[in-house]
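The structure is given below, and queries will be raised subsequently.
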Protein chains: 2
Amino acid sequence: MNQPTETSVSAPRACFIAAGLDVLGERWALLALREMSLGVHRFDQIARNTGASRDILTGRLRTLESRGVIERVQYSERPPRYEYHLTTSGAEVAPILISLAAWSSTWMRDETPRASYRHSCGADLNPVVSCAECGEEFTPGSLMLGPLVSTAGTDPASDQ
Amino acid sequence: MNQPTETSVSAPRACFIAAGLDVLGERWALLALREMSLGVHRFDQIARNTGASRDILTGRLRTLESRGVIERVQYSERPPRYEYHLTTSGAEVAPILISLAAWSSTWMRDETPRASYRHSCGADLNPVVSCAECGEEFTPGSLMLGPLVSTAGTDPASDQ
DNA sequence: ACAGGTTAGTTGGAAAATCCAACCGACTCG
DNA sequence: CGAGTCGGTTGGATTTTCCAACTAACCTGT
């Protein structure tokens, strides 16, 4: 396991998980990104396929755009029409969706029929997460806190 | 990429990602699980470290418990005191936290100092997600829809 | 004995987020 | 001309969350 981390005093833990959830953790955000990863880019279809109400979906898409996760692309001049595409950052959300889908298909099995996922090789979804450094598979408990990082202007190529 | 999936008609896509978010997507749920993965098991500390208000946190922990993700364990008889532990299912949320932390530390870099994560081997967090079947690394776009699955009573050992 | 601290909550009321159905503008198609 | 498409916006109801205070049941030190 892990020895308890004693934040003895008070303030919430500022970590990258919390920061990621700031952007991806709002309602409907991940489902909207799921749609885009599956090739659905139009507002109406995203609304339908996620179940989000149109007004909050509008808000979410604006937030995701402002955070650089998606892009709003005009595909028709007259009338002006837009569709939504993943940026590089958005495309890299895939591992999160994959882990979520894998966890869910292992632990959320019940009578209701759901769409499963698979890898493009054709196999049922069965992802293995390993450390790029040592090659070892991540086991529960092998996630540990590292040092505090503050990285003004170290963004990996300002996007796109 | 992926050819658009035409759910021609109406209903939201019932998939394992949506099902997973049903449980893990509520506010504070993943942060509470993060705390438990880091070895923090007491209500007060979880509340402090996540920033969740105590009433909401109570609700979340109850939901997670009822869904089999965590267990409420009595550690003192008098007065009755409880702490929260991950079940097997809960421990397996780790890959989601890992992917989230990795995405965030790549794309959410700004001036505010945050705790980073690392693998137990000591290396900075740098997870690779690959297909257990073919061994290939998952690339953005290699997540595809599979068939509908309904699996009453196929749970992997009714839990722990 | 009593004040003070710890711990896991609960309570009530305010504030924020979400839901929903209907509407709008600018088109296109038959 | 009427109907349909598409990407929204609007107003009002509902739900969720926030917040600070409070409780119950102890323990610890003076």
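Basis for what follows: all heavy atoms, side chains included, without hydrogens, waters or symmetry-related copies. Computed from a prediction, not measured in an experiment: that's the story for all the values here.
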* In terms of ring plane angle, is the pair B:Y84 and B:F43 parallel, tilted or perpendicular, where the classes change at 30° and 60°? ->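 B:Y84 vs B:F43 ring planes: tilted.
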
* Spacing of B:Q74 atom CD relative to D:dC26 atom P, expressed in whole Å ->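 To the nearest whole Å, that distance equals 11 Å.
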
For residues 51-60 of chain B, dump all side-chain donor-acceptor pairs below 3.5 Å to protein atoms at least two apart in sequence or in another chain.
residue	atom	partner	partner atom	Å
B:R54	NH2	B:D44	OD1	2.9
B:T58	OG1	B:R54	O	2.8
B:R60	NE	B:R27	O	2.8

* Asked: Given atom OH of B:Y82 and atom C1' of D:dA24, what is their separation to the nearest angstrom?
  ->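 Nearest whole value for this atom pair: 13 Å.
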
* Distance, rounded to the nearest Å, where B:D55 contributes CG and D:dT16 contributes C1' ->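 Nearest whole value for this atom pair: 10 Å.
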
* Mind calculating the distance between NE2 (B:H41) and C1' (C:dT7) to the nearest angstrom? =>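 That distance rounds to 17 Å.
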
* To do: Answer yes or no: is there a donor N or O on one side and an acceptor on the other, between the side chain of B:W103 and the main chain of A:S89, under 3.5 Å?
  =>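 Pair found, side chain donor or acceptor close to backbone of A:S89.
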
* Rounded off to whole Å, could you give me the CD1-to-P distance for the B:I56 and C:dG12 pair? =>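 Taking CD1 of B:I56 and P of C:dG12, I get 15 Å after rounding.
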
* Ring-face cation of B:R34 near B:Y117 (centre distance under 6.0 Å, axis angle within 45°) ->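 Judged by the rule (NZ or CZ under 6.0 Å from the ring centre, within 45° of its axis), B:R34 is not positioned above B:Y117.
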
* Asked: In whole Å, what is the span from the CG atom of B:D44 to the C1' atom of D:dC26?
  ->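 From B:D44 CG to D:dC26 C1': 14 Å.
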
* Does a nitrogen or oxygen in the side chain of A:W28 sit under 4.0 Å from OP1 or OP2 of C:dA17? ->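 The answer is no; no side-chain N or O of A:W28 sits under 4.0 Å from OP1 or OP2.
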
* Atom-pair distance (CG on A:N49; C1' on D:dC6), nearest Å ->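 Roughly 15 Å, once rounded to whole Å.
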
* Expressed in angstrom and rounded to an integer, what is the separation of B:E26 atom CD from C:dT18 atom P? ->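 Taking atom P of C:dT18 as the reference, CD of B:E26 is at 13 Å.
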
* Is A:Y84 near enough to D:dG8 that one of its side-chain N or O atoms lies under 4.0 angstrom from OP1 or OP2? ->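 Looking at the OP1 and OP2 atoms of D:dG8, one of them is under 4.0 Å from a side-chain N or O of A:Y84.
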
* **Side-chain N or O of B:R62 closer than 4.0 Å to phosphate OP1/OP2 of C:dG9** =>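 So the side-chain polar atoms of B:R62 do come within 4.0 Å of the phosphate oxygens OP1 or OP2 of C:dG9, strictly under.
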
* Check every atom of C:dT10, C:dA22, D:dT17 against the side chain of A:R54 and return the nucleotide holding the closest atom. =>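 It is C:dA22.
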
Sub-3.5 Å pairs of nitrogen or oxygen atoms, protein against nucleotides 26-30 of chain C:
residue	atom	partner	partner atom	Å
C:dA26	N3	A:R81	NH2	3.4
C:dC27	OP1	A:R78	NH1	3.4
C:dC27	OP1	A:R78	NH2	2.7
C:dC27	OP2	A:R78	NH2	2.8

* Asked: Taking the side chain of A:S53 as heavy atoms from C-beta outward, which of C:dC20, D:dG7, C:dG9 is closest to it?
  ->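 It is C:dC20.
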
* Can you check whether any acceptor in the base of C:dA17 is under 3.5 Å from a donor in the side chain of A:R27, or vice versa? =>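 No.
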
* Any donor-acceptor pair under 3.5 Å from B:T87 side chain to B:E71 backbone ->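 A pair under 3.5 Å: no.
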
* Kindly say if B:R72 contacts the phosphate of C:dG9, meaning a side-chain N or O under 4.0 Å from OP1 or OP2. =>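 Yes, because at least one side-chain N or O of B:R72 sits under 4.0 Å from OP1 or OP2 of C:dG9.
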
* Asked: Between A:P127 and B:C131, is any pair of side-chain heavy atoms under 4.5 Å apart?
  ->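 A side-chain contact is absent here, since even the closest heavy-atom pair is not under 4.5 Å.
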
* To do: Would you indicate, yes or no, if C:dA8 has its OP1 or OP2 atom less than 4.0 angstrom from a side-chain nitrogen or oxygen of B:Y75?
  =>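 Answer yes for this pair, as a side-chain N or O of B:Y75 is under 4.0 Å from OP1 or OP2.
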
* Asked: Hey, does the Lys NZ or Arg CZ of A:R72 hover above the aromatic six-ring of A:Y82, less than 6.0 Å from the centre and inside 45° of the axis?
  ->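 Output yes; distance and angle both within limits.
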
